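Heavy atoms only: backbone and side chains are in, while hydrogens, waters and symmetry mates are out. On a predicted model such as this, the values are computed, not experimentally measured, just so you know. Every chain is numbered from 1, with letters handed out A, B, ... down the list of sequences.
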Amino acid sequence: MSRYSATEIEAKWQAAWKEAGIFQARRSADKPKYYVLEMFPYPSGRIHMGHVRNYTMGDVIARYKMSTGHNVLHPMGWDAFGMPAENAAMASGGHPKDWTYSNIATMKEQMQPLGLSIDWTREFATCDPEYYGQQQALFLDMLETNLVYRKNAVVNWDPIDMTVLANEQVIDGKGWRSGAEVERRELTQWFFDISSMAGELLEALDGLDNWPAKVKLMQSNWIGMSRGIEIPFERTDGGEAISCYSTRPDTLRGASFLAISPEHPLSRALAESRPDLAEFIAETRKMDTTEAAMEKAEKKGIDTGITVRHPVWPDQELPVWVGNFVLMDYGTGAVYACPAHDQRDLDFARKYDLSVEPAFHMPGDSSPIETEALVPAKTEKVVYIDHFAGLDEATSQEGIDRTIDWFEARNLGKAQVKYRLRDWGLSRQRYWGCPIPVVHCEACGVVPEKKENLPVQLPNDVSFDIPGNPLDRHPTWRDVPCPSCGAPAKRETDTMDTFVDSSWYFARFTSARAETPTEAEDAAYWMNVDQYIGGIEHAILHLLYSRFFARAMNMTGHLPESAREPFDALFTQGMVTHAAYVNAERKDPHGRKLYHYPEDVTSDGAGHFTVKETGEAVLVEPSTKMSKSKFNVVDPLNIIASYGADTARWFVLSDSPPERDVEWTAAGAEAAHKHLNRVWGLCDRIGAMDADATGEGDEDLLREMHKAIRDVTLGVESFGFNAAIARLYGFTNVLLKSKAGAAAQKQAIMTLAQLMSPMTPHLSEDIWHHQGGEGLIALAPWPVADEAMLVEDTVTMPVQVNGKRRAEITVAKDLPKDEIEKIALAERAVQRSLDGNPPKKVIVVPGRIVNVVA
RNA sequence: GCCCAAGUGGCGGAAUGGUAGACGCAGGGGAUUCAAAAUCCCCCGCCUUCACGGGCGUGAGAGUUCGAAUCUCUCCUUGGGCACCA
């Protein structure tokens, strides 16, 4: 059989689509709109299989929606600011801008052959001044609305690269790039007030019915709500009371000391006259804050000498300690410790010889606390010891609730809801990011740049030969007159976190060239994103930030109220993985594993692999995410060159469910290509048939066709792409074996081409064209299953005896239950199983099954 | 430690209360061919049987049901998220 020329037909149909301009989105009142978006790429320089899978899924949805009468918006852009561009500049002496735009050009060129239905007229890069200028306008509006503010904060500081690092960029206490010991430094930084929206961001998750439960749960945990109480503890020396937050006030009887954070105002005040305390605080600052280090870090403290009164039993005096384990930015930065019912408090109490008093014990067991704290589940009943709220035996949850009521009734404390979510620090001491549009004036303080002066553009004449932020040492860029008083002032040299750029790009796509961040009519028409598709790795940060920004943009008049939740449906797709081949005989010169590219390895067909050139034995490592370091990257361009884009698209959608990882295998790609060739070959067969000749089984073929329409439609609509593809294999197999007449076969293959068209758009166009289909298949209306054709006259039902299948009967579709029962019982195999005894009971589910209970 | 998800042939997976293993890969056999590639046809969960058939089978154990991969409980394993959060 001749193979079809993918290169030829793919280029041909891409040109036809372009010519017809069918992917350019315009507002229209005639059709319902549909906005499908894939998370836009970082322009690293090359597209990879993960991109192919992500964009193919979006394309399937976009093309399907287009053929079901929707006005589709399917845009693409570039998340273009970020450290890799600066690192490349540092390494090779180029400019981040050149590096980025040249990568964009390359990647765009690599994406073209995939045949995606993208509206390229809306393309932008976040490093375009036209984009980041609008982002600066947004920033100024948010500043006015108090959604962004400046404060002192302790941050991770890399002393060699001279920049702030995000927590994720600190590995084992060292800067991920420089390897320098990271210091904790207090800096004045800009923050988005995302924590004020914590409650709403949490509650609104409930309404996101078309988001994966997993993502909602992750966000919910991240926001981390807790209910508790804030209780002031009076100081015996008359100083300001110390307020503590607790979620377990029912343990208050066991309070033995207070622990306050080293960053607590009281600690700082005391440190001024207590050198030992000052030293302790400085030491804590140096402490590594990574998880692993926290686990090992010793709980240390120092006695302040101050004492407070117990709020319920005022004659009890509790010492106040500074504890290195108390966080300043959660709760009030001060806790009361109850060693009997908290393991950490107990360890601390034993170490510094502080008292351990239980607040309750388990029913029938009042043995004293030794080295293990008693921490019952909240639903477990405990016996409270001389409890103030009149509790005796109750669950901890009841104890907590009643204690809070008791305190509130006496005005001794206040019920509080707290969130783990902290404000989003957006300042970065980097060059390649969006400049923060403010000016620092000695007389006026922080002055926002005037909107007419936007964009505040990055200067081009910068160098990366010395560490630090080039904007800081630029000779002229910083020096500007104060927008308010005109006196000489300094521009802010920090730029924005690149997560800001990706937090509103979806809104910008609705009017990509507007002179304002968005344009009201366009935003109202196109928002929300109907289907958003991307990786699970963005489950928290990007998606949470975008939800915050959509709200902020609504508050500042840039998005309608209805767009406060910007993504109606979210789908998180899995990765493309590949086996890795590691040399079994030697290591690389650095003593590390030596990997080989899949194409350099050959198999003997019996599970043994060798390096083609040297014949060395190779071990196959389990499939993992494609990465350069493991040499297991398959370049989409190579695949497209040898098989065509349709094969690549077909393969990444087949086999695995889209939310799971899919393993790329050469055999799988080959099989996909083989199948597309088989479909292609059908065209020849039908072309060679006598158009008027009749065949056998026309109706059977058409019935199968309508079933395929039903199943594939359902599969595409429910993200069951693998199932839809399996169904298409099935229908193709039926068509290949069919002896139906030319007319029926022609109808079948044209429908097959349509059903395949979201996945294999080029091949489908070509078949459509060959069979005389009108216009472009991309614009043809999606086939609809004929209900009447789906109904068969007879049904085949299994017959079970005691749940085991014994026979199969074929009966008329609407045969009454008792008739079906008679036929089932008459079956020889059923009789044999019954062994002559009458059945106890017979269950007949018409059209489904018969179950005989012996 | 807390929270969540998933365990089905040699492999990816299908079936969401009704014939377990669709579809694809790998494997076996055959046709075609001088030969190979390509292509086409047949077989393919495990045990047992010449065969017909029979038994077992969805991580393990129990339960609900006429009927469970699917629902419930306990346990095991793997993966993910969070974690000095008071």
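Taking 4.0 angstrom as the limit, A:Asn851 places none of its side-chain polar atoms (N or O) nearer than this to OP1 or OP2 of B:U19. The side chain of A:Asn722 places an N or O atom within less than 4.0 Å of a non-bridging phosphate oxygen (OP1 or OP2) of B:A14. Contact annotation: A:Tyr729 side-chain N/O to B:A22 OP1/OP2 distance is not under 4.0 Å. Regarding contacts with the backbone of B:G54, a side-chain N or O of A:Arg806 is found under 4.0 angstrom from either OP1 or OP2. For B:A6, neither phosphate oxygen OP1 nor OP2 lies less than 4.0 angstrom from any side-chain nitrogen or oxygen of A:Arg660. Under 4.0 angstrom from either OP1 or OP2 of B:G1 there lies no side-chain N or O belonging to A:Arg344. The side chain of A:Arg420 places no N or O atom within less than 4.0 Å of a non-bridging phosphate oxygen (OP1 or OP2) of B:C82.
The listed nucleotides are B:G18, B:A86, B:C42; the one nearest the side chain of A:Ser226 is B:A86. In the set B:G18, B:C3, B:C84, the nucleotide with an atom closest to the side chain of A:Arg848 is B:G18. Relative to the side chain of A:Asn221, the nucleotides B:U19, B:C84, B:C3 differ in distance, and B:C3 lies closest. Of the candidates B:C4, B:G24, B:A86, the closest approach to any side-chain atom of A:Asn733 belongs to B:G24.
Within 4.0 Å of A:Leu217, counting heavy atoms only, lie sugar-phosphate atoms of the nucleic acid but no base atom. Residue contacts for A:Gln343: at a heavy-atom cut-off of 4.0 Å it reaches no nucleic acid atom on any strand shown. Across all strands, A:Ser246 comes closer than 4.0 Å only to sugar-phosphate atoms, never to a base (heavy-atom distances). Contact annotation for A:Lys418: no contact, since no heavy-atom pair falls under 4.0 Å across all strands.
Rounded to a whole Å, the CG atom of A:Asp423 is 21 Å from the P atom of B:C85. Note: CG (A:Leu421) to C1' (B:C82) measures 14 Å, nearest angstrom.
For A:Phe348 and A:Phe257, the ring centers are positioned less than 6.0 Å apart.
Positionally, the nearest nucleotide of RNA chain B for A:Met218 lies more toward the 5' end than for the other of A:Met218 and A:Tyr336. Between A:Lys841 and A:Asp661, it is A:Asp661 whose nearest contact on RNA chain B lies nearer the 5' terminus.
In secondary-structure terms, RNA chain B builds stems of at least 3 consecutive Watson-Crick or G-U pairs, each pair having both distances under 3.5 Å, at B:1-7 with B:76-82, B:10-12 with B:23-25, B:27-31 with B:39-43, B:45-48 with B:53-56, B:59-63 with B:71-75.
For A:Arg678 against B:C40, no side-chain N or O and base N or O form a donor-acceptor pair under 3.5 Å.
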Next on the checklist: Test side-chain contact (heavy atoms from CB on, under 4.5 Å) on A:Trp211 and A:Gln219; report intermediate values, then the result.
Outcome noted: CA-CA 11 Å; A:Trp211 277 44; A:Gln219 291 219 356; 4.1 Å; yes
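Using a 30° and 60° split on the angle between ring planes, A:Trp650 and A:His675 fall in the parallel class, below 30°.
One C1' atom belongs to B:C66, the other to B:G45, and the distance between them is 27 Å to the nearest Å.
With respect to the salt-bridge test (charged N to carboxylate O, under 4.0 angstrom), the residues A:Glu230 and A:Lys418 qualify.
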